[in-house]
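Reviewing the structure listed below.
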Amino acid sequence: MKIVAGILQFFGSIGLFIFGMKMMSQGLQKVAGKRIESILHFMTGHRIVGILTGVLVTILIQSSSATTVMVVGFANAGFINLVQAINVIMGANIGTTVSAWIVSLFGFKFDIVLVAFLLLFISFPMQFVKKEKVLNIADVFAGLGILFIGLFFIQKAIPDVSENVALFEFFRRLSEPTVLNMILCTVLGMLITGIIQASAASMALTITLAYQGWIGPYAACALCLGQNIGTTITALLSSIGTNVNARRAAVAHTLFNVIGSVIALIFLKPLMNLVNYITPGDVFTATSTELSSILPFYLSMFHTIFNVLNTLIFFPFTKYLAKFIETILPETESKDVKKKYAFSVSSAISYSSTPELYLGAVRDEIAKLGELTLGMIKDFRIVISHPNEDMGDVVNKMRADEDYADDMQDVLTSLCVKLMKQSPSSGLVNKLTCYIRGIDELESITDSCFTLVCDAKKRRDEGYVFSKEAETRILYYVDMVTEYLSYINEHIKTSFSKNDLMKAYEFENKINKERSSLVDYVEKRMQVSSDNIQKELLLFDMTRHLEHIGDFCTNIAQSYSKLSA
């Protein structure tokens, strides 16, 4: 019965630690959501900037798994290429070492229970404040407090060395620096981290075992290397069901950590000597009491030095690693086949508690939809300005584009709704509501563009010939609407200020004025000529749909202007 109680206490304390880490991570992600969105825009910059991006994001959200899963999601969406993904992943590996420093610096140097209750005491009154930012900060303090309580119970759950001589003898033999023992410890660290899906918890367990004298420096460092491999499982799981770009990013994360850990295992003694030289004390000659006091700091330094050196070693070969992965995971789909739209970041979102991190990705997809609408109206102009040429290929292309836009609307709208449900904060809901409105209006523009090209096709099929003045006026109107749509697309990528909205109203007034002029022109033509009334009605229909596109543009401007309010 005592053994069962001990096992329950041990796993319960691990669960409490993980819960606290997750709560703190969620609070940090929500507090830093907008900052992270800004940082992620630098992903496409210089390679060093990509590494710094991974470091900063992981430090801010205290979860390398969340960072790497985001990278998988963005690679899946096509926002970053494989080289950029690898750079961010390398940075995430460095950033995740901060959690080990938190454990070693605060978990063993202070009265951990007192620190935990102090943090919970600070968070308690903040829970009653209605401001969302304050509540998120309260979650950070509460999560850190629960994390420390979990760490305290982990320390208590591990039995005393002096009372378990036989078990200690087993761990003592496992700690001997033989090749077989180091491989076993590495595999053990990998399995533990893979099962509990939290490298911070497994690292805390390793530091605690070392602190209490159950394992020596060699075994602890080998466990640490195994944990770096085990943490890649989360990204691999998130890549299931995604496209080849996402799978490549997940495999890159795995290869980077596995190869780095194997190299470190081969040169374990020199690496440990380097860390021993940097850190105070000597882990190889220290007595048991002294060893316990310096090992937590030593292991945190080992964790950091390993990941930094691993990044420095791989950095010059990033492009070659990317090419190797592209070779073993080649494209399977034909690029000539029109693909159905897919923006599958759902798996990534399920691993991250902060939908704010994905707002930039959604906004960029909406911008792509805007570029599609602009391309369609330009294609329509090509068709209408060549009335005597067979433009069947262009018409078919626009039909495919319109279907693609329908898919984009369905996928992106569903994604926005999912993000709303995951974190129903007022600011997020308002922003996503604006995005949904913009998606709907852009899709309506594609409908109008396809209707317009069908009218142009009908004109050619029926042999309708517009007068030179009618031809000039309708092309002028198309150019006017195209200019307005281009203006809208430029600001979808950035924002709409009040001045931008006023300019949008000026565009709409010009379009409405020109539409009235064109309608008057058509009506006069119908009065003086009755030879082919269908031709004039077709011109009238084109005018009406172009005017609708202008209305849709104004609706987008009005909706997006709320984002700047």
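Classified by interplanar angle (parallel below 30°, tilted 30° to 60°, perpendicular above 60°), the ring pair Tyr435/Tyr560 is tilted. Taking the six-membered ring for Trp and thresholds of 30 and 60 degrees, His548 and His545 have ring planes more than 60 degrees apart, a perpendicular arrangement.
With contacts defined as side-chain heavy-atom distances shorter than 4.5 Å, the pair Met376/Phe380 does not qualify. Considering only heavy atoms from C-beta on, Glu508 stays 4.5 Å or farther from Ile511 through its side chain.
There is a side-chain donor-acceptor pair under 3.5 Å between Asp500 and Ser497. Asn396 and Arg399 share a side-chain donor-acceptor pair at under 3.5 Å. Donor-acceptor pairing under 3.5 Å is recorded for the side chains of Asn93 and Asn257. In the model, Gln558 has a side-chain atom that pairs as donor or acceptor with a side-chain atom of Tyr505 under 3.5 Å. Side-chain contact check for Gln409 and Asp440: at least one donor-acceptor pair (N or O, by modelled atom type) lies under 3.5 Å.
Checking side-chain atoms of Tyr477 against main-chain N and O of Leu546 turns up no donor-acceptor pair under 3.5 Å. Side chain of Thr373 to main chain of Gly370: a donor-acceptor pair is present (N/O by atom type, distance under 3.5 Å, no hydrogens or angles).
Heavy-atom minimum distance, Cys434 versus Lys562: SG-CB, 4.1 Å. Between Ile488 and Cys553, the closest heavy-atom pair is CD1-O, 3.4 Å.
The residue from Phe324, Phe314, Phe315 that alone fulfils the ring pair (Phe, Tyr, Trp, His ring centres under 6.0 Å) condition with Phe256 is Phe314.
Under a 4.0 Å N-O distance rule, the pair Asp393/Lys397 does not qualify as a salt bridge.
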